[in-house]
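To keep things clear, I will list the structure first and then write my remarks on it.
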There are 2 protein chains.
Amino acid sequence: MKKKKKNENSSKIFLGHDHGACFGDAITQIEDYFIQKKLQLTPLRRKVFEILIEDHKPLGAYEVLEKLGKAGFSSSPPIAYRVLDFLIEHGFVHKVQGLNAFIACSNPKHSHFPTFVICRKCEKVAEVSEEKSGLNLPNPEITNFKIEKTTIELTGICSTCENAEIR
Amino acid sequence: MKKKKKNENSSKIFLGHDHGACFGDAITQIEDYFIQKKLQLTPLRRKVFEILIEDHKPLGAYEVLEKLGKAGFSSSPPIAYRVLDFLIEHGFVHKVQGLNAFIACSNPKHSHFPTFVICRKCEKVAEVSEEKSGLNLPNPEITNFKIEKTTIELTGICSTCENAEIR
DNA sequence: TCATTACATGTTATAACATAACACACTAAC
DNA sequence: GTTAGTGTGTTATGTTATAACATGTAATGA
Ligand SMILES: [Zn+2]
Ligand SMILES: [Zn+2]
Ligand SMILES: [Zn+2]
Ligand SMILES: [Zn+2]
């Protein structure tokens, strides 16, 4: 096999994200999913998802809310929280606990326990899939525990920022 | 070698915690650490730690605050947050992000990236050490990222609660 | 046809969590 | 005895999240 993967050298997690494609794919994926599951991708839900996928970075609920307001929707908190919770339930959005923020999933097709890698300096956030995270759960010690949800966030400094560190 | 470990069979993470010993050890450990590092284990700091280690379960900052008040300390929010932050810095307390709560470390001697296992039903929380968590980081994909801090929380249902599930 | 149900959104009010900014006391160092 | 560092106290405010209730709309099916 040994087929050379595109971007093999630039597989650093903060690079290699073709967001143009990502954006389009994501919209298509959510549309398909909602049809298949007979859910309503209402204007509000679509807008919230678009807001999050637009720059593909974590946004606070109140930031989302503000953008909703500018787009003509109500901007009272429950509006944002409800839709965000809904999108989270269906795997299109994740909450980044360390930032109290919400981010569009990078690959909703994978059912996953994603890892988020967060640079404290440039504040970039990358979602790393289960298979690639190096995470290997469950182990014997937690075999008796049924994992339903994970929060895995690695905070630190990316190589770009480290090289630029002054101190 | 093959020396049989104590509690080998009861190594389920929610069991096998001798809290009597844990409590005493923890106090001794924090005292030693503070002396060694020339830090002040003031009455306030000691009390906050005691509050957290007492029942050894996660408490919200405002719960800690209330207990501080009852013990004769000030109960304005910054008091709790400052001391909690301080204890976190020195590894004696962790924040459980998923619960907005604070918990005494189960083993401050280990420098660690702990995993928290949280039963959503009985709300028990267990801290699993790095070596035992099955976590295996960094992996090739995140080699260029310098991890400074981790948040790893596994939420689900423990075997005890699962067996008792009605639905 | 007209209740019943389910669902999506809207609104008000409030709860829960966290920090900024400043004040004061104590100690150690110079 | 002034200065700097540290620890605690206080007031006010900022940020994040939810409870409770109201309205609108569409599908179901007596
Ligand atoms: Zn994802
Ligand atoms: Zn960076
Ligand atoms: Zn710990
Ligand atoms: Zn349980």
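No hydrogens, no waters, no symmetry mates; every other heavy atom, side chains included, goes into these values. Here is how names work: the chains are called A, B, and so on, in the same order as the sequence lines, proteins then strands, and each is numbered from 1.
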query: How would nucleotides 8-14 of chain D be written as a contact map, 5' to 3', with B for base contact, S for sugar-phosphate-only contact and - for no contact, using protein heavy atoms under 4.0 Å?
result: BBBB---
With a 4.0 Å cutoff (strictly under), does any side-chain N or O of [X] reach OP1 or OP2 of [N]?
| X | N | answer |
| --- | --- | --- |
| K95(B) | dA18(C) | yes |
| N100(B) | dT16(D) | no |
| Y81(A) | dT18(D) | no |

field: Whichever of F86(B) and D85(A) has its nearest DNA chain D nucleotide further upstream toward 5'
entry: F86(B)
Can you find a pair of side-chain heavy atoms, one from [X] and one from [Y], that are under 4.5 Å apart?
| X | Y | answer |
| --- | --- | --- |
| T150(A) | T155(B) | no |
| F116(B) | I152(B) | no |
| K47(A) | E50(A) | yes |
| R82(A) | D85(A) | no |
| V128(A) | L154(A) | no |

Separation of [X] atom [atom1] from [N] atom [atom2], in whole Å?
| X | N | atom1 | atom2 | value |
| --- | --- | --- | --- | --- |
| I88(A) | dT18(D) | CD1 | C1' | 14 Å |
| R46(A) | dA8(C) | CZ | P | 15 Å |
| E63(A) | dA17(D) | CD | P | 12 Å |
| Q40(B) | dC26(C) | CD | P | 13 Å |
| E66(B) | dC17(C) | CD | C1' | 15 Å |
| L39(A) | dC7(C) | CG | P | 10 Å |
| Q97(B) | dT16(D) | CD | P | 13 Å |
| L84(A) | dT9(C) | CG | C1' | 14 Å |

message: So for atom CD, which belongs to E66(A), do other residues, nucleotides or ligands contribute more than 12 heavy atoms lying within a distance under 6.0 Å?
response: no
Show me, pair by pair, the donor-acceptor contacts under 3.5 angstrom made by side chains of residues 88-105 of chain B, not counting sequence neighbours?
from: H90(B); atom 1: ND1; to: Y33(B); atom 2: OH; distance (Å): 3.0
from: H94(B); atom 1: NE2; to: H112(B); atom 2: NE2; distance (Å): 3.3
from: H94(B); atom 1: NE2; to: E127(B); atom 2: OE2; distance (Å): 3.1

